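Everything numeric in this text was worked out from a predicted model, so none of it was measured.
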Amino acid sequence: MKNLIIKLPLVDGGELPLDFNNGKELIEQICGDDFAAPPRFLCIEAKTKDNKTVTINVPYDQKVDEAYISIRDN
């Protein structure tokens, strides 16, 4: 993905590598690839203290090379 970097820093100073070229690779790295039906996307949401919702959608389609990001008021 051109616009998405995911890091997992470890308490010992190391970092677990999450290396992926597209959403399909990322989702299968996190969840495996044994789905009843393939997912459409991975959705990550966070609510801010000022009552906004930040959403990152990572498409499962390996032809899509960018994640979709939105910020909305609740």
### Working for side chain to side chain contact (heavy atoms under 4.5 Å, CB included), residues T55 and C43
CA-CA 7 Å; T55 304; C43 179; 3.8 Å; yes

### Query
Which heavy atom of V64 sits nearest a heavy atom of P59, and at what distance?
CG1-CG, 3.6 Å

### Message
Counting only heavy atoms from other residues, nucleotides and ligands, does the tally under 6.0 Å from CG of D34 exceed 12?
### Response
no

### Query
How would you list, by chain and number, every residue that makes a side-chain contact (heavy atoms from CB on, under 4.5 Å) with K7, sequence neighbours excluded?
I5, P9, E15

### Task
Grab the two heavy atoms, one from N3 and one from A67, that are nearest each other, plus how far apart they are.
OD1-N, 2.8 Å

### Task
Check whether any side-chain heavy atom of N57 lies under 4.5 Å from a side-chain heavy atom of I69, and answer yes or no.
no

#### Entry: Reported CG-to-CG distance for the pair D73 and N51, which is rounded to 0.5 angstrom
7.5 Å

### Task
Kindly check if the number of other-residue, nucleotide or ligand heavy atoms within 6.0 Å of OH (Y68) is above 12?
no

### Message
Could you tell me if the side chain of E66 sits less than 4.5 Å from the side chain of L4, heavy atoms only?
### Response
no

### Nearest-0.5 Å distance, OG1 of residue T53 to CG of residue N74
3.0 Å

#### Entry: Straight-line distance of L16 CG to L8 CG, nearest 0.5 Å
5.0 Å

### Task
To the nearest 0.5 angstrom, please state how far the CG atom of D61 sits from the CZ atom of R40.
13.0 Å

### Message
Give me each pair satisfying side chain to side chain donor-acceptor pair (under 3.5 Å) with a member in residues 22-32, each pair once, sequence neighbours excluded.
### Response
K24-E28, E28-Y60

### Query
Between atom CZ of F20 and atom CD1 of I27, what is the distance when rounded to the nearest 0.5 Å?
10.0 Å

### Query
Rounded to the nearest 0.5 Å, how far apart are CD1 of I30 and CG of L18?
6.5 Å

